[in-house]
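Reviewing the structure listed below.
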Amino acid sequence: MVRPNDEVEALLQEYADLIAITGGEAFKARAYEKAARAIGGYPADVSHLDAAGLKEIPGVGTSIAEKVVEYLRTGHVTVVDERRARIPAGVRQLITIPTLGPKKAMALYENLHISSVNELADAITAEKLRDLRGFGEKTEENILHGIALMRQSRGRILLSTAMEAAEDVVAELSRIPGCEHCAYAGSLRRMKETVGDIDVLVAARRSAPFMDALTELPSTAEVIVHGGKKTSVRTAEGVQVDLRVVRPDAWGAGMQYFTGSKAHNIRTRTIAVHLGLKLSEYGLFDADGGERVASRSEDEVYARLGLPWIPPTLREDRGEIEAGLRGELPRVVTERDIRGDLHTHTDLTDGLTPLEEMVAAAAGRGYAYYAVTDHAPNLYMQRMTDEKILAQRERVRSLDGRHHGMRLLHGTELNIGPGGEVDWPDAFLQGFDLCVAAVHSHFNVGRRAMTRRLVRACENPRVNVIGHPTTRLLGKRPGVDADLDEVFAACARTGTALEINAQPDRLDLGDEDILRAKDHGARFAVDTDAHSIPQLAYLRYGVGTAQRGWLTPDDVINTWPLRRLRRFLRKDRTD
DNA sequence: TTTCAATCGAAAATTAAACCTGCGTTTAA
């Protein structure tokens, strides 16, 4: 479901960008940015609020509340439209390129009339940029690098974006009479970190009502194809949705086929051939007589192939077929197995929500324990002090166990400095129940230095979790260059967990690295790094990624009972 | 533009690295 809050957040962020590009009103831009974030992270639905209710949200005053009301009522905000008319959308696109901010984007537009990423790439090739004041060779290089990364991920969208759009479509289509099943399939069901397009499958006798309904959904911006077998549309956010309607008795075969992956399906089809069968999206058939032997459910199809049902997150032909044939498929970790979140923030640093509210929301999710891990002083922008974190500890202790017995852990997110050092001296760190440590800057220290840096952090007896280990940002920044095998081995050796950060633009570690780390015997923590209440629900993306890495509950420390977790957090120390 | 404290107006999130240019601007965490 695309939350109205997210829509408003996007609108205010766009306005903030436009103000920043036009220049001269830095505080105004910052105010809109802050309000955008606050609304995105606000737990209640803003579309149910009036101006007075909106002003309750911190960072939202008279002026912004008015604009939000205008947007919710009319779908437009006059002043935003005015700015849009002055600055082409392509110029705003430019500032999504890393190292290219609002000032440079405006300079490019004013001096060279560049208003799209493609035009920018051409201008660099034509060596037009270097004559511009403030631009040089290195800037050109950085911009080109940013554009290349962008193009690599072009057309692919974040898992969370796809999931929200897909759940919307599935909910709408499920309501139509005659719908026996409706679900999304494809790489989305396999929980890949990015998704090309969304495949939705319906089981029904007649296809037309569903095909028509898809083209008429409010979220549909453009109809690409519209037929009886397949309909494709594009949503306002540019996501392509493909819909197929299958006969109810072919539901299982359809889901199996459209879930993929291609490599997995090649294997299942080969197995079918060896058994004298033929597998297609319509069912599993006898190769000779042509009669259908299985198709109603995935379970039935897999069973007839001599396989157990295989979780979609494993269907990548990475050994799941062999494991299934041997009866040794892993019992992958699920959201229900997670007993607590070990990396979260509050408004003491860059979170949006006060401690008490985050804790109450966590308890509402049924957690047995929950860690609060605000930033430490070395991330200067957060202005953390010893006094502040100790005062927070008192508040955490007083809330401990107050929500149906949920236990609270007081932690912190340390910054791993260029040489692997962290914020506080050992004596001070001793006071925390757990420490997450992560790299936040100095990404280009070189492979050897980066490896040493991460290994040193693991060797710190107070560091329990390496947060977002590669620090990648999907489509924006590659992971750091380090010998990850060495880091994973150090994690296993020292009893330091690797985080699977569930923020949709991170999903860090990613599936392939998880598989390698597991081989080294490392443990993992699936955490949300939540900065607001809605972000606590990102957990599902972290769990999906963990499944893609074949992790079982035993591999994931925050599925463990608190006693076992505490033992792990001691890292064999005796104090 | 918001917030806070005062009733109109001032202050607001810091630091460092990178880059371009020759000391200052831009970006990003």
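Each chain gets a letter, A, B and so on, in the order its sequence line appears, and its residues count up from 1. The model shown is predicted, which means the values in this text are computed figures rather than measured ones.
A:Glu66 has its CD atom 10 Å from the P atom of B:dT1, to the nearest Å. Note: NE2 (A:His531) to C1' (B:dA29) measures 11 Å, nearest angstrom. Going from atom CD1 of A:Ile21 over to atom P of B:dT27 covers 10 Å, rounded to whole Å. Distance, A:Lys103 NZ to B:dA28 P: 12 Å, rounded to whole Å. One atom, CD1 of A:Ile95, and another, C1' of B:dA28, lie 13 Å apart when rounded to the nearest Å. Regarding A:Asp350, its CG atom lies at a distance of 16 Å from the C1' atom of B:dT15, rounded to whole Å. For the pair A:His468 NE2 and B:dA29 C1', the interatomic distance rounds to 10 Å; values are reported in whole Å. In this structure, A:Asn444 places its CG atom 19 Å from P of B:dA16, rounding to the nearest Å.
Judged by distance alone, the side chain of A:Glu25 and the main-chain N or O of A:Ala20 form no donor-acceptor pair under 3.5 Å.
For the OP1/OP2 pair of B:dT27 and a distance below 4.0 Å, the side-chain nitrogens and oxygens of A:Thr99 include no atom meeting the criterion. Phosphate proximity of B:dC20 to A:Thr139: present, with a side-chain N or O under 4.0 Å from OP1 or OP2. Neither OP1 nor OP2 of B:dA18 sits under 4.0 Å from any side-chain N or O of A:Asn142. For B:dT1, the OP1/OP2 oxygens have a side-chain nitrogen or oxygen of A:Lys67 closer than 4.0 Å. Taking only side-chain nitrogens and oxygens, A:Arg133 never comes nearer than 4.0 Å to OP1 or OP2 of B:dT25.
Using P as the reference atom, B:dA6 and B:dA10 are 14 Å apart when rounded to the nearest Å. Across B:dT3 and B:dA13, the matching P atoms stand 12 Å from one another, rounded to whole Å. Rounded to a whole angstrom, the distance from the P atom of B:dG9 to that of B:dT14 is 25 Å. B:dG24 and B:dA12 have their P atoms separated by 23 Å, given to the nearest Å. B:dG22 sits 22 Å from B:dA17 when the P atoms are compared, rounded to a whole Å. Atom C1' of B:dC20 sits at a distance of 10 Å from the matching atom of B:dT26, rounded to the whole Å.
For A:Glu141 and A:Lys138, the salt-bridge test passes: some basic side-chain N is under 4.0 Å from an acidic carboxylate O. Salt bridge status for A:Asp45 with A:Arg3: absent, with no side-chain N to carboxylate O gap under 4.0 Å. One finds no salt bridge joining A:Glu356 and A:Arg402 here, because no Lys/Arg side-chain nitrogen approaches an Asp/Glu carboxylate oxygen to under 4.0 Å. Between A:Arg472 and A:Glu193 there is a salt bridge, since a side-chain N of the basic residue sits under 4.0 Å from a carboxylate O of the acidic one.
With distances taken from any side-chain atom of A:Phe443 to the nucleotides B:dT27, B:dT2, B:dA29, the minimum falls on B:dA29. In the set B:dT1, B:dC20, B:dA17, B:dC20 carries the atom at the smallest distance from any side-chain atom of A:Lys138. Side-chain proximity of A:His442 to B:dA17, B:dT27, B:dT1: nearest is B:dA17.
Nearer the 5' end of DNA chain B, as judged by each residue's closest nucleotide, is the contact made by A:Lys55, out of A:Arg30 and A:Lys55. Mapped onto DNA chain B by nearest heavy atom, A:Ile64 and A:Gly101 fall at different nucleotides, with A:Ile64 at the one closer to the 5' end.
Two rings, from A:His345 and A:His343, have their centers less than 6.0 Å apart.
If you check every strand for non-hydrogen atoms under 4.0 Å, A:Lys104 touches sugar and phosphate atoms only. Heavy atoms of A:Asn415 sit nowhere under 4.0 angstrom from any nucleic acid atom. At a threshold of 4.0 angstrom between heavy atoms, the contacts of A:Glu137 are confined to the sugar-phosphate backbone, with no base atom among them. Residue-level contact check: A:Arg477 touches the backbone only, with heavy atoms under 4.0 Å from sugar-phosphate atoms and none from bases.
The OG1 atom of A:Thr451 lies 14.0 Å from the CZ atom of A:Arg456; values are rounded to the nearest 0.5 Å.
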